[in-house]
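These figures come from a predicted structure and were not determined experimentally.
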Amino acid sequence: MAGASFEIKLDNPEADLTQDQKEKVLDNFKLLDQSKSGRLNPQQVGILFRAFGQNPTDEELAEMLRPIPQAGLDVDGFIRFFKGNYRPPTTEDTLLKAFQVFDLEDTGIMSRDKFKEMLTSLGDPMQEHEVEAILKEAEVDDKGLFDYKSLAKRLCEGPKRIPDMP
């Protein structure tokens, strides 16, 4: 379901959605509302949130969905949820530039160990399990190397599954 044609970009999450954006939300909301109840359960909210171009980690999405009642959200509730949790998407180009800072020989290849060390020790360090989740998306070869251009593309596509709800 995720893709550029579904993406909703907000210049200002405080502003109302455009008419086109509201129609896109309503049309896709109706597609997911198979029971025709006018509500989406938390898992369906997560599916639609990602379909509109948002790429939180499974853990982040589970945390966002936690306050949603099991009865779900109506269209207006979904719009409030979307706007409240919206983050401008990271572009593939932005990720590539970040990788290239550490690719001194401009090979397009990065070491799994070097990547892990950088993300767990530099700047705002990530937790090891978060880095491992990213590395699951990389195609690491038997030498511990991966093509970071492919990883950047995969990360911008976002996770393809919805986390299990507690």
Run the side chain to side chain contact (heavy atoms under 4.5 Å, CB included) check on V45 and L65 step by step: do they pass? CA-CA 8 Å; V45 169; L65 296 174; 3.9 Å; yes
At what distance, to the nearest 0.5 angstrom, does [atom1] of [X] lie from [atom2] of [Y]?
{"X": "K153", "Y": "D147", "atom1": "NZ", "atom2": "CG", "answer": "11.5 Å"}
{"X": "M126", "Y": "M118", "atom1": "CE", "atom2": "CE", "answer": "11.5 Å"}
{"X": "L96", "Y": "E92", "atom1": "CG", "atom2": "CD", "answer": "5.5 Å"}
{"X": "E128", "Y": "T120", "atom1": "CD", "atom2": "OG1", "answer": "6.5 Å"}
{"X": "Q44", "Y": "L73", "atom1": "CD", "atom2": "CG", "answer": "10.5 Å"}
{"X": "R112", "Y": "D141", "atom1": "CZ", "atom2": "CG", "answer": "11.5 Å"}

Could you tell me whether R154 and E139 have a side-chain N and a carboxylate O separated by less than 4.0 Å? no
Cationic N near anionic O, under 4.0 Å, E63 to R66: yes
Are [X] and [Y] in one and the same hydrophobic cluster, where Ile, Leu, Val, Met, Phe, Trp and Tyr link if side-chain heavy atoms are under 4.5 Å apart?
{"X": "L95", "Y": "V101", "value": "yes"}
{"X": "V131", "Y": "I109", "value": "no"}
{"X": "Y148", "Y": "L145", "value": "no"}
{"X": "L104", "Y": "F102", "value": "no"}

Is any side-chain heavy atom of F78 less than 4.5 Å from a side-chain heavy atom of V25? yes
Do P56 and R50 have side-chain heavy atoms sitting under 4.5 Å apart? yes
Angle class for the F115/F146 ring planes (parallel below 30°, perpendicular above 60°, tilted otherwise)? perpendicular
[X], [atom1] atom: more than 12 neighbouring heavy atoms under 6.0 Å:
{"X": "K22", "atom1": "NZ", "value": "yes"}
{"X": "K143", "atom1": "NZ", "value": "no"}
{"X": "Q100", "atom1": "CD", "value": "yes"}

Could you give me the CA-CA distance, side-chain angles and deciding distance for I134 and L151, then say whether side chain to side chain contact (heavy atoms under 4.5 Å, CB included) is met? CA-CA 9 Å; I134 293 170; L151 177 60; 4.2 Å; yes
Excluding sequence neighbours, so at least two apart, what forms ring pair (Phe, Tyr, Trp, His ring centres under 6.0 Å) with F81? F49
Side-chain donor-acceptor pairs under 3.5 Å in residues 8-20, sequence neighbours left out?
| unit_1 | atom_1 | unit_2 | atom_2 | d |
| --- | --- | --- | --- | --- |
| N12 | OD1 | E14 | N | 2.9 |
| T18 | OG1 | Q21 | N | 3.1 |
| T18 | OG1 | Q21 | OE1 | 3.4 |

Taking [X] for the side chain and [Y] for the main chain, is one N or O donor matched with an acceptor at less than 3.5 Å?
{"X": "E130", "Y": "Q127", "answer": "yes"}
{"X": "D103", "Y": "G108", "answer": "yes"}
{"X": "D33", "Y": "F29", "answer": "no"}
{"X": "D74", "Y": "G38", "answer": "no"}
{"X": "R39", "Y": "A71", "answer": "yes"}
{"X": "E7", "Y": "F52", "answer": "no"}

Determine, step by step, whether R80 and D76 satisfy the salt bridge (Lys or Arg N to Asp or Glu O under 4.0 Å) criterion, reporting the C-alpha distance in whole Å, the side-chain angles of both residues, the deciding distance to 0.1 Å, and the verdict. CA-CA 6 Å; R80 284 190 301 276; D76 291 334; 5.3 Å; no
Run the numbers on N85 and Q54 for side chain to side chain contact (heavy atoms under 4.5 Å, CB included), then give the verdict. CA-CA 9 Å; N85 290 290; Q54 295 296 290; over 6 Å; no
D113/E117 under side chain to side chain contact (heavy atoms under 4.5 Å, CB included): CA gap, chis, key distance, verdict: CA-CA 6 Å; D113 293 339; E117 179 186 338; over 6 Å; no
Can you list the residues that meet the side-chain contact (heavy atoms from CB on, under 4.5 Å) rule with K30, with sequence neighbours excluded? L26
